[in-house]
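What follows is a single structure, written as structure tokens, with notes after it.
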Number of protein chains: 2
Amino acid sequence: MELTTEEKIIEAARKIFTQKGFSATRTRDIAEEAGINLALLNYYFRSKQNLFQIIIEEKFDELFGIINPILSNREISLEEKIETLVTNYTNLLLENEDLPFFVLSEIKSNEFIIKRVKQNAEILSQPVIESQLKERGFTTSSFNFIMNIMSLTLFPFMSKPLFVSSGLIKEEEFARFITERKKDIPTWVMNTLK
Amino acid sequence: MELTTEEKIIEAARKIFTQKGFSATRTRDIAEEAGINLALLNYYFRSKQNLFQIIIEEKFDELFGIINPILSNREISLEEKIETLVTNYTNLLLENEDLPFFVLSEIKSNEFIIKRVKQNAEILSQPVIESQLKERGFTTSSFNFIMNIMSLTLFPFMSKPLFVSSGLIKEEEFARFITERKKDIPTWVMNTLK
DNA sequence: GTCTATACAAAGATAGAC
DNA sequence: GTCTATCTTTGTATAGAC
């Protein structure tokens, strides 16, 4: 399977940007990783910023695109929602460990992404969750509900470098550790409801 | 109260580095923020990297210095440990919202910090916690225990920019939201034990 | 100790040949 | 479309006057 030059550049950009973030990434490194001349990068994308926007949009969708279709579906029970979200996220992040850190860090500084979050407002107020919680007699807010799922599921990936370098867990054990948590988190989240 | 030039530079560096991280920070901005000439920065600290090390060490200690004294103290019960950690962290982070993001992001790339984590190994294996869990008949690992406390306490601060720009929560409500969680998290964490 | 001026280096962007 | 060479800008470091 042959990649076009354009695809090779995007591929390389995806890899380096997600590892290092926008500022720490050098276009020269992307060119080298892609095996092309630096000038070509500019020929295809005009600027570092343009290339970056393609990647950050893509990654943003990867990370948050799975939330709303699940949460807003009235056919899915609370339990199933947690279960599905945790499973989907865990599987996704095991293949893309840098994803949450990358997206969350760029949201702080990327004007375009902030605008996009606002416009879509997909994650915005969750009336379905809110009513499902109410029906079950829970007074917990939907925001707390979402926050707890994401905290327990995403944070271990964001703190992995810390815990690996501290020796608390070994690189080889990490996937197994996460897989165990995947089974437990749904119960834990249900227990936060009151 | 008059600050010396050196203190003014550190003060400015602390502010800008923690907001933007190492790569995105320009020494010219630090100089401007400090109200001093760019050359003085180099006079006092020789390089951007040297200045940064001072800040990252300081912030690393701020974020992780409070863990071990609490966890390794056998006189403190599990319940008190969770309670104290959550309270201390919440209070600290309400005053330093960028702290966890800053420290965790630099751990990924900062050779010096990685070495320091290894050497101290303060967060490393927690025999005290391990035995306290065992005594109570819990089979949960100390790593899971620590991970859950930190997830539920730190993640909301790391994801704040996302949720604020999405409109799910307003800037003014955030502190209140966090303060509410502070009361709930200890119970939630106890419920993760089995 | 502090500043001005400037050198030096790195990184992004472009012109022009092929 | 692709490359080489080069320009421009910006960030880092230093020399030397006061």
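Since this is a predicted model, take the numbers as computed values, not measurements. Chain naming here is simple, since letters A, B, ... match the order of the sequence lines and numbering starts at 1 in each.
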Nucleotide [N], atom [atom2] - distance to [atom1] of [X] in whole Å:
X: I30(A); N: dA11(C); atom1: CD1; atom2: C1'; value: 12 Å
X: F17(B); N: dG11(D); atom1: CZ; atom2: P; value: 13 Å
X: F45(A); N: dT2(D); atom1: CZ; atom2: P; value: 12 Å

(message) Is the shortest side-chain heavy-atom distance between L85(B) and I146(B) below 4.5 Å?
(response)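 No, too far: nothing below the 4.5 Å cut-off.
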(message) A side-chain contact here means heavy atoms from C-beta on lying under 4.5 Å apart; do I169(A) and F143(B) qualify?
(response)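 Yes. Closest side-chain heavy atoms under 4.5 Å.
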(request) Would you indicate, yes or no, if dG1(C) has its OP1 or OP2 atom less than 4.0 angstrom from a side-chain nitrogen or oxygen of T5(B)? (result)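 Negative; the distance criterion is not met.
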(message) Once side-chain hydrogen bond (donor to acceptor under 3.5 Å, both in side chains) is applied, do any residues pair with K170(A), and if so which ones, sequence neighbours excluded?
(response)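 Testing K170(A) for side-chain hydrogen bond (donor to acceptor under 3.5 Å, both in side chains), a comparison that skips the adjacent residues, returns none.
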(request) Apply the test side chain to side chain contact (heavy atoms under 4.5 Å, CB included) to residues K182(B) and Y89(B): give CA-CA distance (whole Å), side-chain angles for both, the deciding distance (0.1 Å), then the verdict. (result) CA-CA 9 Å; K182(B) 180 165 69 170; Y89(B) 264 127; over 6 Å; no
(message) At under 4.0 Å between heavy atoms, how does the protein contact nucleotides 13-18 of chain C? Give one character per nucleotide, 5' to 3', with B, S or -.
(response) BB----
(request) List in numerical order all residues of residues 18-25 of chain A for which some heavy atom is under 4.0 Å away from an atom belonging to DNA chain D. (result)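 Heavy-atom contacts with DNA chain D come from no residue of residues 18-25 of chain A; none.
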(message) Suppose the criterion is side chain to side chain donor-acceptor pair (under 3.5 Å): which pairs have a residue in residues 32-42 of chain B, not counting sequence neighbours?
(response)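 Passing the test, one end in residues 32-42 of chain B: K15(B)-E33(B).
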(message) Filter on salt bridge (Lys or Arg N to Asp or Glu O under 4.0 Å), then keep only pairs touching residues 153-164 of chain A, sequence neighbours left out; what's left?
(response)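 Qualifying pairs: E97(A)-K160(A), K160(A)-E171(A).
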(message) The criterion is side chain to side chain contact (heavy atoms under 4.5 Å, CB included); which residues satisfy it with K108(B), sequence neighbours excluded?
(response)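 Side chain to side chain contact (heavy atoms under 4.5 Å, CB included) list for K108(B), sorted by chain: F101(A), P161(A).
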(message) Checking N68(A) against Q126(A): is there a side-chain donor and acceptor pair closer than 3.5 Å?
(response)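 Checked: Q126(A)/N68(A) side chains pair up, N/O donor to acceptor below 3.5 Å.
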(request) Please tell me which of the listed nucleotides, dT2(D), dC3(C), dG11(D), lies nearest to the side chain of R26(B)? (result)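 For R26(B), the side-chain atoms sit closest to dG11(D).
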